[in-house]
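We number each residue from 1, following the sequence as shown. All heavy atoms count here, side chains included; hydrogens, waters and symmetry mates do not. Ligands are counted one by one from 1 in listed order, and the atoms in each one are counted from 1 as well.
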Amino acid sequence: MEYLSSLNPPQREAVERTQGPLMIIAGAGSGKTRVLTYRIAHLIQAKGVDPFHILSLTFTNKAANEMKQRIEKLIGLEARNTWMGTFHSVFAKILRVEAHKLGYPSNFTIYDTDDSKSLIRSIVKELKLDDKVYKPNTVLSRISGAKNRLISWEQYVNDPYILADDEAAMKPKMGQIYKTYQSRLFRSSAMDFDDLLFNTNILFRDHPDALNKYQQRFKYVMVDEFQDTNLSQYLITKKIAAVHQNICVVGDDAQSIYAFRGANIQNILNFEKDYPDLFVVKLEQNYRSTKNIVNTANSIIEKNKSQLKKNVWTHNESGDLIELMKASSDNEEGRMVATTIFEQKNNKQLHNSDFAILYRTNSQSRAMEEALRKLNITYRIVGGLSFYQRKEIKDLMAYLRYVVNEEDEEAFKRIINYPKRGIGNNTVEKVMVAAYEHDIPLWEVINNSSSFLSGRAANSVEDFCTMIRSFKIETERKDAFEAASSIAKQSGLLRELYEDKTIEGLNRYENVQELLNAIKEYVDNPENEDKSLGAFLQEIALLTDEDQNKDTNDAVTLMTIHSSKGLEFRHVFVVGMEEDLFPSQMMMQSREDLEEERRLFYVACTRAMEKLYLSYALTRYRYGRLLNCEPSRFLEEIDPSYIKVNKRTGSNVSSSFRESLSEGNNGFIGLKKKPALRSSTTAKVHTPSPDFKPSNTNNLQKGMKIEHPKFGFGKVTGIETEGTNKKAHIHFDNFGEKTLLLSFAKLRILD
Ligand SMILES: Nc1ncnc2c1ncn2[C@@H]1O[C@H](COP(=O)(O)OP(=O)(O)OP(=O)(O)O)[C@@H](O)[C@H]1O
Ligand SMILES: [Mg+2]
């Protein structure tokens, strides 16, 4: 087998040892995912295993697709027949087939987070509880926490302290909300994301025949990113593998970053207990990154007390030092990052797709986006408000969902009066009350509206039902695309958007067309055998944000560190390295939390192959206010011998590193005097004149008077050119002498 020669001895051992339980716990970039890929290829090609008998669980659908493509390269088309996907997508597929065993129809809807929150909001209102105490977000994460630990609402109601924390005392009605939430989901023939795993566990617990079927089917089970599985996922895997015991899990305890969502590193330790004849493989050679990057990452993770000892090293070259960039503001930070990308691309012949910008929270993308746009650099945002979260898309999707499942309450609420058809909130509430109080299915209630509604309202509801019925008939006869196009038209939704001639309206109209294009693409794809609307909806419901934006290939990637797991890029920028932002304010309550943030930082740094940049800003808009920021403690934890301060400062010295961490600047270099940006005792930051507009500084000359947005008024005392950089020496009235890089500084020339 020729492909085996491109593996090192322990990797090869892991690939060839196909029988019995196997665990690979190894550092970042050591080839864990590569081993899984080769192992699947090896099972099929060398061991003659039928691909239908192999199940591989990955963290994102994107990871699954990438893996499939790689296996296809190794062994050809047969790779397509393996079962591969996220826990959610694989078990949603299985639940479709087995739904009736749990009392669900096979066309059940999958509620996304917005649907779940909206449902919780209604329940909190109906139970007359305080929505400041029972915030949809908090309630949902609590219910989700319970489900991920396989705690049912019955158990929760009996023992409010079951999650072992103090929240129970503050939120005594939680159990009741959980109970109502589940019964409403059930009535709506809907499951939320956590239910997909929870219900799979119930299925396997209560229906041995079903369990047996999947145990026989999946003779080989593999799990990537095992450190981030929760209890619910772990038990499913364990049950399925119980008969053949051919289970292989790979992970890195140092990269466990989902504890806040119920992931449990303990699974790694339990695994050794659950499988006494477990074989453990260690991989220590990193193939991804330069020595400087590997050593930096090691020096970070070393600070964590709870971790398995690992020695990660690499044969790769030392490479550049880690570059530290400081900016005076978040916008300035964006400009620095964008300019660096621009320069590096030109100097080193790189592509946009060689760069990634990673941040702690989604909202940090804005400043980066603006700066990239100004330099005309193509980028794509992974996560954030993605296509399928836009209102117009959710509206049409709600129509499609409702046509497929007429008990889907959240879809119903979205479309019953959109486009407007004279059905007010009161009527909707009456419908809901009738359904709950008399325990009648929603669809039956609205089909008998005349019995409890009068006049116009009753007529409108009747028309609505007639329309939905005709959609249902169409949907049975037509493929997903024809059905959806017709629904978009007949429902009045397209017309409503078409008549809005504003730019936003036009955009919305185009977005809906884009959704129809996507459905067409789905129908035309020969890989999709089931072309029904129901099948399309299932596919879409499981698309995670990570899977969006496939259209642009050569783009800089912007994403949160959480979604960067498992990926690699030649150049990586980790931005917003500031206290309260990273580590996050929310995660500094305990050592465990802080260690999770540090693991997150480890994940971020280990995405880089050749070059790693870390940046921070001294001021940043957050919660609508301009805040002063302190550099992140993580920066100080890195061994300074691996770091150089941004070349623009010209101070390539590690000894000045700590000092320079806290100096403020605004694209300026070489400080003559300590600047006063951050300390409140010295000069006040200038407020720019109302008509402040930066001038073209190409012809800036000695003697000219200028205004700077932060340092105020001053006079140019000299101009200096160094390579392509032009610097200006300026004497500011309130800040003294400063040297500014003209490509960064915004100056208004006054005379
Ligand atoms: N034996 C090898 N020879 C050459 N390249 C290798 C070898 N093993 C791994 N690589 C390469 O090293 C990089 C990292 O591998 P991979 O993504 O599998 O690591 P990983 O352990 O899964 O990392 P992470 O912990 O970030 O998920 C990939 O580009 C991979 O192709
Ligand atoms: Mg990996």
Only residue of D194, D192, N201, N199 satisfying side chain to side chain donor-acceptor pair (under 3.5 Å) with K147 is D192
Practice task
Could you check E13 against Q11 for side chain to side chain donor-acceptor pair (under 3.5 Å), going step by step and ending with a plain yes or no?
Solution key: CA-CA 5 Å; E13 171 158 34; Q11 287 179 332; over 6 Å; no
*asked:* For Y287 and N8, which I'm curious about, is there any donor-acceptor pair between the side chains at under 3.5 Å?
replied: yes
In ligand 1, the atoms that come under 4.0 Å of a heavy atom of S6 are 1 (N), 2 (C), 3 (N)
Of all protein heavy atoms, the one nearest atom 31 (O) of ligand 1 is R34 NH1, 3.0 Å
Min N/O separation G566 to ligand 1 under 3.5 Å:
no
Looking at Y38, F59, Y287, the heavy atom closest to atom 4 (C) of ligand 1 belongs to Y287
From the list K326, E323, E333, side chain to side chain donor-acceptor pair (under 3.5 Å) partner of S615 resolves to E333
field: N148 and S232: CA distance, side-chain angles, deciding distance, side chain to side chain donor-acceptor pair (under 3.5 Å) verdict
entry: CA-CA 5 Å; N148 289 332; S232 185; 5.2 Å; no
Among non-hydrogen protein atoms, atom 8 (N) of ligand 1 lies closest to Q11 NE2, 3.0 Å
### Message
Checking K219 against V49 for the side-chain contact (heavy atoms from CB on, under 4.5 Å) test, could you report, in this order, the C-alpha distance in whole Å, the side-chain angles of both residues, the deciding distance, and whether it holds?
### Response
CA-CA 9 Å; K219 297 198 164 64; V49 175; 5.8 Å; no
Checklist entry - Looking only at distance, does D252 have an N or O less than 3.5 Å from an N or O of ligand 1? => result no
The protein heavy atom nearest to atom 20 (P) of ligand 1 is K32 N, 3.5 Å
*For ligand 1, is there an N or O atom under 3.5 Å from any N or O atom of L7?*
no
Practice item. Answer yes when R70 and E66 have at least one side-chain N-carboxylate O distance shorter than 4.0 Å, and no when they do not. Key: yes
Y258 ring center within less than 6.0 Å of H562 ring center: yes
Quiz question: by atom type and distance under 3.5 Å, do the side chains of N292 and T290 form a donor-acceptor pair? no
One finds that the ligand 1 atoms under 4.0 Å from a non-hydrogen atom of G31 are 9 (C), 15 (O), 16 (P), 18 (O), 19 (O), 20 (P), 21 (O)
Under 4.0 Å from one or more heavy atoms of R607, ligand 1 contributes atoms 26 (O)
Atom 13 (C) of ligand 1 sits nearest the protein heavy atom E568 OE1, 3.3 Å
The protein heavy atom nearest to atom 17 (O) of ligand 1 is R288 NH2, 3.1 Å
of all protein heavy atoms, closest to atom 23 (O) of ligand 1 is G29 N, 3.0 Å
